[in-house]
Amino acid sequence: MTTATAREITKRRAVFFDRDGVINAVVIRDGKVTSPRSLREYMIVPDVRECMRRLKETQFLIIVITNQPEVSRGLLRQEKLDEIHGHLSKELPVDAIYCCLHDDHHACACRKPKPGMILDAANRWHIDLKQSFVVGDTEKDMQAARAAGCASILIEAEYNAGSNSTLRVKNISEAVEYILNSDGGGDA
């Protein structure tokens, strides 16, 4: 038996989901959109389970990519974040969760709008980025998608009206319907 070379490995398609505002509801604090800081605040958006089930049936990998700077800001304890992600993994058919704990001033490669989490996942899971999608709710998500070579789909919200994303949908169900009816990623 021979070991497969990198060229012989079949590339897979993936949908990269942002977490807050896509998979779960955002939390409004002092008039600002923020992430849940406890399992009590974490509420999965309707239809997410069914949408992810449909993607899994068509052999898409499901990867969560999320910026969580509240940890480095001292507003969220790592244990609480781990509890939220444990719950997410138990409730939804995700293949992996990639999480950037850094803040803007850290200038890391993983914090969106940089594509580091997507590129790391692509390397680990042998993902064809040109045939993959990023579903998010911010311009940072869309920029990360473009930088990685994925199609980008923006879920509309009051707080992202200024985004110049070419593909905007009302909810995760519309995003998944688009993905399942498309030829692949790349230019959405």
Side-chain angles (χ1 to χ4, degrees), residues 12-29 32-45 48-49 51-52 55-56 60-127 129 132-155 157 159-160 163 172 175-176 179 185:
R12 302 170 76 185
R13 298 186 312 161
V15 179
F16 296 92
F17 286 100
D18 176 48
R19 195 190 81 177
D20 303 322
V22 176
I23 292 174
N24 59 272
V26 296
V27 176
I28 306 297
R29 286 190 180 80
K32 294 182 181 176
V33 175
T34 65
S35 300
R37 295 184 185 157
S38 68
L39 198 51
R40 182 178 45 80
E41 291 181 336
Y42 185 79
M43 305 216 310
I44 294 175
V45 172
V48 170
R49 284 178 188 86
C51 288
M52 288 186 177
L55 290 169
K56 293 300 273 184
F60 275 97
L61 288 168
I62 297 174
I63 311 285
V64 176
I65 53 171
T66 182
N67 288 345
Q68 293 298 317
E70 291 84 355
V71 174
S72 66
R73 293 173 186 164
L75 300 172
L76 174 64
R77 289 189 358 254
Q78 181 69 51
E79 300 80 32
K80 291 290 185 185
L81 180 63
D82 292 344
E83 184 179 24
I84 290 168
H85 286 169
H87 178 73
L88 186 159
S89 294
K90 189 171 89 174
E91 293 294 315
L92 302 172
V94 299
D95 293 293
I97 300 172
Y98 285 75
C99 182
C100 174
L101 304 178
H102 304 109
D103 208 342
D104 288 331
H105 70 275
H106 292 116
C108 66
C110 55
R111 184 167 168 76
K112 294 179 285 180
K114 292 182 182 171
M117 289 186 281
I118 297 170
L119 299 176
D120 287 349
N123 184 46
R124 160 69 177 87
W125 294 87
H126 309 290
I127 295 169
L129 294 174
S132 297
F133 300 83
V134 172
V135 179
D137 67 328
T138 68
E139 186 59 30
K140 284 184 176 187
D141 298 323
M142 303 301 98
Q143 290 172 7
R146 288 189 292 271
C150 297
S152 59
I153 303 173
L154 182 77
I155 294 182
Y159 53 84
N160 68 20
S163 174
I172 195 167
V176 168
I179 292 166

Side-chain contact, heavy-atom cut-off 4.5 Å: [X] with [Y]?
| X | Y | value |
| --- | --- | --- |
| Cys150 | Ile118 | yes |
| Leu61 | Val15 | no |
| Tyr98 | Thr66 | no |
| Arg29 | Arg37 | yes |
| Val134 | Asp18 | no |
| Val22 | Val45 | no |
| Glu83 | Glu79 | no |
| Ile153 | Phe133 | yes |

Just one of Asn67, Ile84, Val94 clears the side chain to side chain contact (heavy atoms under 4.5 Å, CB included) bar with Arg19, so which one?
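Of the listed residues Asn67, Ile84, Val94, the side chain to side chain contact (heavy atoms under 4.5 Å, CB included) partner of Arg19 is Ile84.
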
Note: Asp104-Lys140 ion pair, threshold 4.0 Å (strictly below):
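Salt bridge flag = yes for Lys140 with Asp104.
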
Quick one: do Glu139 and Lys112 make a salt bridge, cutoff under 4.0 Å?
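Salt bridge between Glu139 and Lys112, a charged N being under 4.0 Å from a carboxylate O: no.
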
Count the heavy atoms of every other residue, nucleotide or ligand shown that sit under 6.0 Å from CZ of Arg40, and state whether that count exceeds 12.
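Count not over threshold, so no.
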
Assess the residue pair Ser72 and His102 against the criterion (side-chain contact (heavy atoms from CB on, under 4.5 Å)); give the C-alpha distance rounded to whole Å, side-chain angles, the decisive distance to 0.1 Å, and a yes or no.
CA-CA 6 Å; Ser72 66; His102 304 109; 5.6 Å; no

Can you tell me if [X] uses its side chain to pair, donor with acceptor, with the backbone of [Y] under 3.5 Å?
| X | Y | value |
| --- | --- | --- |
| Asn123 | Asp120 | no |
| Ser132 | Ala14 | yes |
| Asp137 | Asn160 | no |

side-chain contact (heavy atoms from CB on, under 4.5 Å), that's the test. Do His106 and Arg111 meet it? Break it down for me.
CA-CA 9 Å; His106 292 116; Arg111 184 167 168 76; over 6 Å; no

Under 3.5 Å, is there a donor-acceptor pair linking the side chains of Gln68 and Asp20?
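Present: a donor and an acceptor within the cut-off.
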
